[in-house]
Amino acid sequence: MQRVAVLGATGSIGTSALDVIARHTGTMRASVLAAGSKVDALLALCHAHCPEHAVVADPAGYAALRDGLRAAGLPTQAHAGGEALDALVAGDACDTVVAAIVGAAGLPSTLAAARAGKRLLLANKESLVLAGELLMRDARAHGATIVPIDSEHNAIFQCLADGNPPARITLTASGGPFRGRTRAALSAVTPAQAVAHPKWSMGPKISVDSATLMNKGLEVIEAHHLFAVPADAIRVLVHPQSLVHSLVDFEDGSTLAQLGLPDMRTALAVGLGWPRRIASGVGALDLLAQGGRLDFEAPDLDAFPCLALAFAAMAAGGTAPAVLNAANEEAVSAFLQGRIAFLDIPDTVAATLDTLPMQPADTLEALLAADARARTAARTRITTLPAPTFRP
Ligand code: NAD
Ligand code: MG
């Protein structure tokens, strides 16, 4: 029986993971569920999946979680805080960890899973952007198997299954809700418009990242670490149908791609079952029913400068990707709260990278210090920006 810890269980990836796990009750079960602060949603998941442990990251939620579990007569043990979560991830309560916490907050538990040699289903791309070299080194040293869950990286993982090295990787991007718009036309877009993704149903932070193309920038850095490919061997193509999830070129002239409907349960089933294929609940792709077209175009770096900022941060190395990621998290949060305009997101990231020149960083402490400095610098800048005219 595969025992799975689902971190970020109440989120978009977490609930998709639980949907796949529930289809395979004979071979796997959710043994640990963890969420940020939504105790009611976590309790509902405990009812449905009856895990051994439930963790709420926010200690203020502990009493409500413990009392709710008791009142429901569930055997699930309640825990609170990051340290309790990391200990459960590293201990024998699970063999597999679905790392689906959003943002840099997911790094400690992701690292704990890698250092404990678990099968790590990695959706939390920010941990790779912040500390990719460290995370990959620790995973290798402790025998952890990383299966990327990001659809593009999961596609590449599948294309690389025979062990041959890639000559070049092409990450596909839907282009987000504002594909085809000029930079000027983006000045007044609202959070509601930005999170309305045309193809994927996702949490608010990654939806805004998809609208700015920062998501693709983070994914370029993610691919660089996961597959040990240099920046000049990674390309991005906009593919509005979101059916080709990525492509890999090999030295013999072959290009392999993975296709499927845009539903994260496929990637999660690959991670949970690998190397076996298991049912995910996602139907087969019918290309004619999907419109019979596969279109590709180059990304517009003028309207969506975040992609170029991410390539530049990756090339700079050291603390630069950590600064990029932290400034972006702060800017996206301010945008979602209606405090800054959409175009202030790339401007805040660029200004923060300018303010904090790259420093070499080979320890976790140095990277976390850079993350903290970048958040302070970004927040300071955000307070100087005029409030946008829309209200969230
Ligand atoms: P979401 O906002 O829907 O869910 C986030 C989850 O993280 C929630 O369960 C929340 O309670 C939990 N959380 C937040 N802060 C926490 C903390 N400090 N400690 C513990 N739990 C915390 O986000 P999502 O869309 O599911 O994305 C999760 C991660 O997966 C992100 O890193 C995202 O980039 C990545 N990802 C998501 C998708 C997708 O389709 N949604 C695709 C690829 C990659
Ligand atoms: Mg993706």
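Whatever order the structure lists them in is the order used to number ligands and atoms, beginning at 1.
- Hydrophobic cluster membership differs between Leu247 and Ile169, with clusters built from Ile, Leu, Val, Met, Phe, Trp and Tyr side chains linked at under 4.5 angstrom.
- Listed for the Ser210 side chain is no donor-acceptor partner under 3.5 Å among the backbone atoms of Gly176.
- Residue contacts with ligand 1: Ser12 is placed with a nitrogen or oxygen under 3.5 Å of a nitrogen or oxygen of the ligand (distance criterion only).
- Taking 4.0 Å as the cut-off, Lys38 does not count as a neighbour of ligand 1 on heavy-atom distance.
- Remark: side-chain polar atoms of Asp209 are not paired, donor with acceptor, to backbone N or O of Met214 under 3.5 angstrom.
- A donor-acceptor contact shorter than 3.5 Å is absent between the side chain of Lys216 and the backbone of Leu307.
- Ligand 1 is never approached by Ala34 to a heavy-atom distance shorter than 4.0 Å.
- Among protein heavy atoms, the minimum distance from atom 21 (N) of ligand 1 is reached at Gly36 N, 3.3 Å.
- Remark: minimum distance from atom 26 (O) of ligand 1 to any protein heavy atom is reached at Ile13 N, 2.9 Å.
- Both the backbone and the side chain of Met202 come within 4.0 Å of ligand 1, counting heavy atoms alone.
- Salt bridge Glu152/Lys125: absent, no basic N to carboxylate O contact under 4.0 Å.
- Taking the Mg ion (ligand 2) as the apex, the angle formed with OE2 of Glu219 and OD1 of Asp150 is 90°, to the nearest 10 degrees.
- The distance criterion of under 3.5 Å between nitrogen or oxygen atoms is met by Thr10 with respect to ligand 1.
- A heavy-atom separation below 4.0 Å is not found between Lys205 and ligand 1.
- Counting only heavy atoms from C-beta outward, the side chains of Gln258 and Phe157 never approach each other to under 4.5 Å.
- Ligand-side atoms of ligand 1 in range of Ala105: 18 (N), range being under 4.0 angstrom from any heavy atom.
- Summary of contacts: the protein heavy atom closest to atom 32 (O) of ligand 1 is Glu126 OE1, 2.7 Å.
- Side-chain N or O atoms of His225 include none that pairs as donor or acceptor with a backbone N or O of Met136 at under 3.5 Å.
- Closest to atom 15 (N) of ligand 1, if we only count protein heavy atoms, is Ile101 CG2, 4.0 Å.
- Taking every heavy atom of Ala123 and a limit of under 4.0 angstrom, the matching atoms of ligand 1 come to 30 (O), 32 (O), 35 (C), 36 (N), 44 (C).
- Under a hydrophobic-cluster definition in which Ile, Leu, Val, Met, Phe, Trp and Tyr are linked whenever side-chain heavy atoms come within less than 4.5 Å, directly or via other members, Val195 and Ile345 are assigned to the same cluster.
- Listed by number with element, the atoms of ligand 1 under 4.0 Å from a non-hydrogen atom of Ala35 are 11 (O), 20 (C), 21 (N).
- Here Arg375 pairs with Glu329 in a salt bridge; the nearest charged N to carboxylate O distance falls below 4.0 Å.
- Considering only non-hydrogen protein atoms, atom 5 (C) of ligand 1 sits nearest to Val102 CG1, 3.7 Å.
- Checked against the Mg ion (ligand 2), the N, O or S atom of Glu152 at the shortest distance is OE1.
- Val6 places none of its side-chain heavy atoms less than 4.5 Å from the side chain of His49.
- In terms of polar-atom proximity, defined here as any N/O pair under 3.5 Å, Gly203 does make such a contact with ligand 1.
- The aromatic rings of Phe335 and Phe342 stand perpendicular to each other, their planes meeting at an angle above 60°, with 30° marking the opposite boundary.
- Residue Ala9 places a heavy atom under 4.0 Å from ligand 1.
- Classification of Arg183 and Asp302 as a salt-bridged pair fails, no side-chain N sitting under 4.0 Å from a carboxylate O.
- For ligand 1, the atoms lying closer than 4.0 Å to a non-hydrogen atom of Ala57 are 17 (C), 19 (N), 20 (C).
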